[in-house]
Amino acid sequence: MARNVRGAPQERSLSDAVRRVQRTTGGHILGAERVPFDGRDINRVKYMDDRGRVRYMDDPAPPRSQPRPPRSDMSSLRGDNP
């Protein structure tokens, strides 16, 4: 797990994600959870917008410490879209 200068994990807490979504959307928070995405866990917050629609917002994950290895040109081809 990556650590910042003070030694605390760089992961964002679920409660911070909820506060951020509440502040940016003004919506009613319905729930929040950590979900696996792209090899790491992210915070996903479920909220109701001002029109009554249920929405999800993923809290941006901190950047990876190491970049992903590049895929070879042939591995990205599915055969139906050359």
Side-chain angles (χ1 to χ4, degrees):
M1 180 182 323
R3 296 193 176 272
N4 65 15
V5 177
R6 293 185 181 171
Q10 280 185 339
E11 291 180 356
R12 297 173 186 220
S13 75
L14 201 54
S15 59
D16 287 341
V18 168
R19 282 191 290 273
R20 217 175 343 272
V21 170
Q22 174 62 43
R23 226 178 13 250
T24 58
T25 67
H28 178 74
I29 303 299
L30 301 174
E33 61 184 341
R34 292 190 58 80
V35 295
F37 177 79
D38 198 23
R40 62 188 183 274
D41 288 341
I42 61 168
N43 297 323
R44 179 165 289 159
V45 181
K46 182 179 181 181
Y47 68 99
M48 187 181 307
D49 68 11
D50 58 346
R51 299 173 116 187
R53 294 178 294 195
V54 174
R55 306 276 189 168
Y56 290 88
M57 183 179 288
D58 293 342
D59 195 38
R64 292 172 176 249
S65 59
Q66 296 178 353
R68 292 167 77 175
R71 292 169 42 176
S72 70
D73 292 350
M74 297 308 287
S75 68
S76 62
L77 297 177
R78 296 187 330 204
D80 61 343
N81 191 13

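Atom set for the values below is all heavy atoms of this structure, side chains included, hydrogens, waters and symmetry mates excluded. Nothing fancy with the numbering, it's 1 onward along the sequence.
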Running the 4.5 Å side-chain criterion over Ile, Leu, Val, Met, Phe, Trp and Tyr, what cluster does M48 land in, apart from itself? L30, V54
The reported gap from CD in Q22 to NE2 in H28 (rounded to nearest 0.5 angstrom) is 9.0 Å
If the condition is side-chain contact (heavy atoms from CB on, under 4.5 Å), which residues does T24 pass it with, not counting sequence neighbours? M57
Measure the spacing between OH of Y56 and CG of D58 and express it to the nearest 0.5 Å. 10.5 Å
Where do A32 and V18 come nearest, in terms of heavy atoms and distance? CB-CG2, 3.6 Å
Working to the nearest 0.5 Å, report the span between CG of L14 and CZ of R19. 10.0 Å
Hey, is CZ on R53 packed in by over 12 heavy atoms from elsewhere, all under 6.0 Å? yes
So D59 and I42, do their side chains get closer than 4.5 Å, heavy atoms only? no
